[in-house]
Asks: 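Okay, here's the structure, questions in a sec.
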Amino acid sequence: MVRKPNYCKGIIIAHGKSELLLAEHIKSNLHLPIEIYAESNGKTSIQIDSLMTVLGNNIFKNKRVFNQKYVIEEEKGILKNFSLMPIMDLDDTSEDRKQKYISGEMFKNHWLSPYIVPIWNRSNLDEVLLDLKLIDKLPNNKEKGKVYRDLFPTNKGESDKKQVEDLMRMFEKSDRTNMQVFIKKCLDSL
């Protein structure tokens, strides 16, 4: 019997520590074959304005290099069952850049453009979570790690699809984010 490869279903580019911990929470609860890219384990943030620099780095710059790092299902040169989802805050860039990010226009000349699904938080993930009453106050930088680890713990046991579905329904209540798109893509790739 030939074993089917465990294809990577998606790559998340995490803006910072908060987005990294949220992505790890979903990945661990669904036992998903996705990768999470972050600068310095989320300690250094990736801004919308530097996203194209990240997409031009050694990993994402072209298909040949990309395929050396990730095993993605492909058919006739087209990636299948795959999304690249940057999770970004909208508070650190111009209105024009925000719109180009949200619409995907920012990526139109990148070879991964057809697979990029921009995920955004207005103005940042902390404010979205406060608005949804998942946190009761905005954490300072020192508190963020603990607050987010408590809110989005890594699951080391059985998968917990219901917990992720409940989280998606929470995000659906907010017009300050499209995080539910990210979570739905993860659920759909099971």
Side-chain angles (χ1 to χ4, degrees), residues 1-16 18-39 41-42 46 48 51-89 100-121 125 152-172 174 177-190:
M1 184 169 102
V2 176
R3 200 174 140 170
K4 185 178 171 187
N6 192 18
Y7 293 115
C8 176
K9 302 282 185 169
I11 299 171
I12 288 57
I13 297 176
H15 163 69
S18 309
E19 293 78 8
L20 173 67
L21 291 171
L22 172 61
E24 286 176 345
H25 171 74
I26 291 167
K27 175 183 178 175
S28 69
N29 272 294
L30 297 177
H31 297 287
L32 275 179
I34 61 173
E35 297 292 329
I36 303 169
Y37 178 91
E39 296 285 338
N41 200 27
I46 299 171
I48 287 175
L51 195 51
M52 290 310 295
T53 302
V54 170
L55 290 173
N57 78 12
N58 288 338
I59 299 169
F60 303 107
K61 73 177 176 183
N62 62 48
K63 194 171 184 179
R64 183 185 56 77
V65 173
F66 184 77
N67 285 340
Q68 290 172 356
K69 175 108 174 127
Y70 302 109
V71 178
I72 313 287
E73 187 176 4
E74 239 182 280
E75 189 174 289
K76 297 181 181 173
I78 296 173
L79 304 182
K80 289 182 59 177
N81 304 315
F82 174 79
S83 298
L84 176 72
M85 294 175 278
I87 302 175
M88 297 285 130
D89 291 344
K100 286 181 177 171
Y101 172 75
I102 291 169
S103 71
E105 183 184 342
M106 171 185 280
F107 313 110
K108 70 181 178 189
N109 294 322
H110 196 278
W111 76 271
L112 281 166
S113 179
Y115 312 103
I116 297 175
V117 179
I119 306 299
W120 49 268
N121 296 295
L125 182 56
F152 303 122
T154 301
N155 178 352
K156 296 187 184 340
E158 295 292 311
S159 65
D160 190 348
K161 183 177 175 185
K162 183 185 179 321
Q163 186 177 36
V164 175
E165 290 170 334
D166 292 346
L167 185 61
M168 182 178 74
R169 282 190 282 281
M170 283 295 280
F171 281 117
E172 285 173 343
S174 178
T177 187
N178 72 340
M179 190 68 73
Q180 69 277 6
V181 172
F182 159 61
I183 298 171
K184 179 145 182 27
K185 282 240 178 235
C186 290
L187 287 164
D188 289 348
S189 69
L190 288 175

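Computed from heavy atoms alone, side chains included, the values below leave out hydrogens, waters and symmetry copies.
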Asks: Would a distance-only check, ignoring hydrogens and angles, find a side-chain to backbone donor-acceptor pair under 3.5 Å from S83 to G10?
Replies: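 No: the side chain of S83 does not pair with the backbone of G10.
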Asks: For the NZ atom on K69, are there more than 12 heavy atoms of other groups (residues, nucleotides or ligands in this structure) within a distance under 6.0 Å?
Replies: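 Check fails, neighbour count at 12 or below.
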Asks: Scan L20, L84, I34 and name whichever one has a side chain to side chain contact (heavy atoms under 4.5 Å, CB included) with I12.
Replies: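 Only match with I12 under side chain to side chain contact (heavy atoms under 4.5 Å, CB included): I34.
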Asks: Between N121 (side chain) and M179 (backbone), is there a donor-acceptor pair under 3.5 Å?
Replies: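 Side chain of N121 to backbone of M179, a donor-acceptor pair under 3.5 Å: no, none is there.
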Asks: To the nearest 0.5 Å, how far apart are CE in M88 and CD1 in I102?
Replies: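 Here the rounded value is 12.5 Å.
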Asks: So which pairs with a foot in residues 178-188 pass salt bridge (charged side-chain N to carboxylate O under 4.0 Å, His left out), sequence neighbours left out?
Replies: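 Checked against salt bridge (charged side-chain N to carboxylate O under 4.0 Å, His left out) - neighbours excluded - the pairs reaching residues 178-188 are K184-D188.
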Asks: Is it the case that the side chain of H25 and the backbone of P153 share a donor-acceptor pair, with hydrogens and angles ignored and the cut-off at 3.5 Å?
Replies: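 A pair under 3.5 Å: yes.
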Asks: Flag the pair L112 / L79 as yes when at least one side-chain heavy-atom distance between them is below 4.5 Å, and no otherwise.
Replies: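 In short, these two side chains touch, coming nearer than 4.5 Å.
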Asks: Measuring only between side-chain heavy atoms, which start at C-beta, is F107 closer than 4.5 Å to L51?
Replies: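 Side-chain contact under 4.5 Å: yes.
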Asks: Could you check whether any side-chain N or O of S174 sits under 3.5 Å from a backbone N or O of F171, counting only pairs where one atom can act as donor and the other as acceptor?
Replies: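 Pair absent, no side-chain N/O of S174 close to backbone of F171.
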Asks: Could you report the tightest heavy-atom contact between G42 and A38, atom names first, then the distance?
Replies: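 Heavy atoms of G42 and A38 come nearest at N-CB, 3.7 Å.
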Asks: Partners of K61 by side chain to side chain contact (heavy atoms under 4.5 Å, CB included), sequence neighbours excluded?
Replies: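 Side chain to side chain contact (heavy atoms under 4.5 Å, CB included) list for K61, sorted by chain: N58, V65.
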Asks: Nearest 0.5 Å, please: how far is CG in L32 from SG in C8?
Replies: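 One gets 10.0 Å once the value is rounded to the nearest 0.5 Å.
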Asks: Is the backbone of L190 close enough, under 3.5 Å, to the side chain of H31 for a donor and an acceptor to pair up by distance?
Replies: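 Absent.
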Asks: Could you tell me the separation between the CZ atom of F182 and the CD1 atom of I119, rounded to the nearest 0.5 Å?
Replies: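 Here the interatomic distance stands at 7.5 Å.
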Asks: Is any side-chain heavy atom of I87 closer than 4.5 Å to one of H15?
Replies: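 Not in contact.
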Asks: Could you work out, with side chain to side chain donor-acceptor pair (under 3.5 Å) as the rule, every residue matching Q163, not counting sequence neighbours?
Replies: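 Side chain to side chain donor-acceptor pair (under 3.5 Å) list for Q163, sorted by chain: N29.
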Asks: Where is the tightest heavy-atom contact between L30 and K161, given as atom of each residue plus distance?
Replies: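 Nearest pair, atom of L30 first, then K161: CD2-CA, 3.8 Å.
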Asks: Test V181 against M85 for side chain to side chain contact (heavy atoms under 4.5 Å, CB included), laying out the working first.
Replies: CA-CA 10 Å; V181 172; M85 294 175 278; 5.9 Å; no
Asks: Got a second to check how far F82's CZ is from I11's CD1, nearest 0.5 Å?
Replies: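 Result: 4.0 Å between the selected atoms.
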Asks: Without swapping roles, check the side chain of T177 against the backbone of W120 for a donor-acceptor pair under 3.5 Å.
Replies: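 Here the side-chain-to-backbone pair exists.
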Asks: Checking Y101 side chain against I48 main chain: does a donor-acceptor pair fall under 3.5 Å?
Replies: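 No: the side chain of Y101 does not pair with the backbone of I48.
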Asks: For E158, what residues pass the salt bridge (charged side-chain N to carboxylate O under 4.0 Å, His left out) criterion, not counting sequence neighbours?
Replies: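 Counting only residues at least two positions away or on another chain, E158 forms no salt bridge (charged side-chain N to carboxylate O under 4.0 Å, His left out).
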Asks: Can you find a pair of side-chain heavy atoms, one from Y7 and one from V71, that are under 4.5 Å apart?
Replies: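 Yes, side chains in contact.
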Asks: Going by heavy atoms in the side chains, are I116 and P86 under 4.5 Å from each other?
Replies: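 Answer yes - side chains close enough.
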Asks: Rounded to the nearest 0.5 Å, how far apart are CE of M106 and NZ of K100?
Replies: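 Those atoms lie 8.5 Å apart.
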Asks: List in chain and number order the residues that pass ring-ring contact (aromatic ring centres under 6.0 Å, His included) with F60, two or more places apart in sequence or in another chain; answer none if no residue qualifies.
Replies: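 Checked F60 against ring-ring contact (aromatic ring centres under 6.0 Å, His included); matches are Y37.
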Asks: Locate the shortest heavy-atom distance separating L125 from D89; write the atom from each residue and the value.
Replies: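 Answer, listing the atom of L125 first, then D89: N-OD1, 3.2 Å.
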Asks: Listed by chain and number, what are the side chain to side chain contact (heavy atoms under 4.5 Å, CB included) partners of E172, not counting sequence neighbours?
Replies: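 E172 satisfies side chain to side chain contact (heavy atoms under 4.5 Å, CB included) with M168, R169, Q180 only.
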Asks: Can you tell me how far the CD atom of E105 sits from the OG atom of S113, to the nearest 0.5 Å?
Replies: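 Rounded to the nearest 0.5 Å, the CD-OG separation comes to 10.5 Å.
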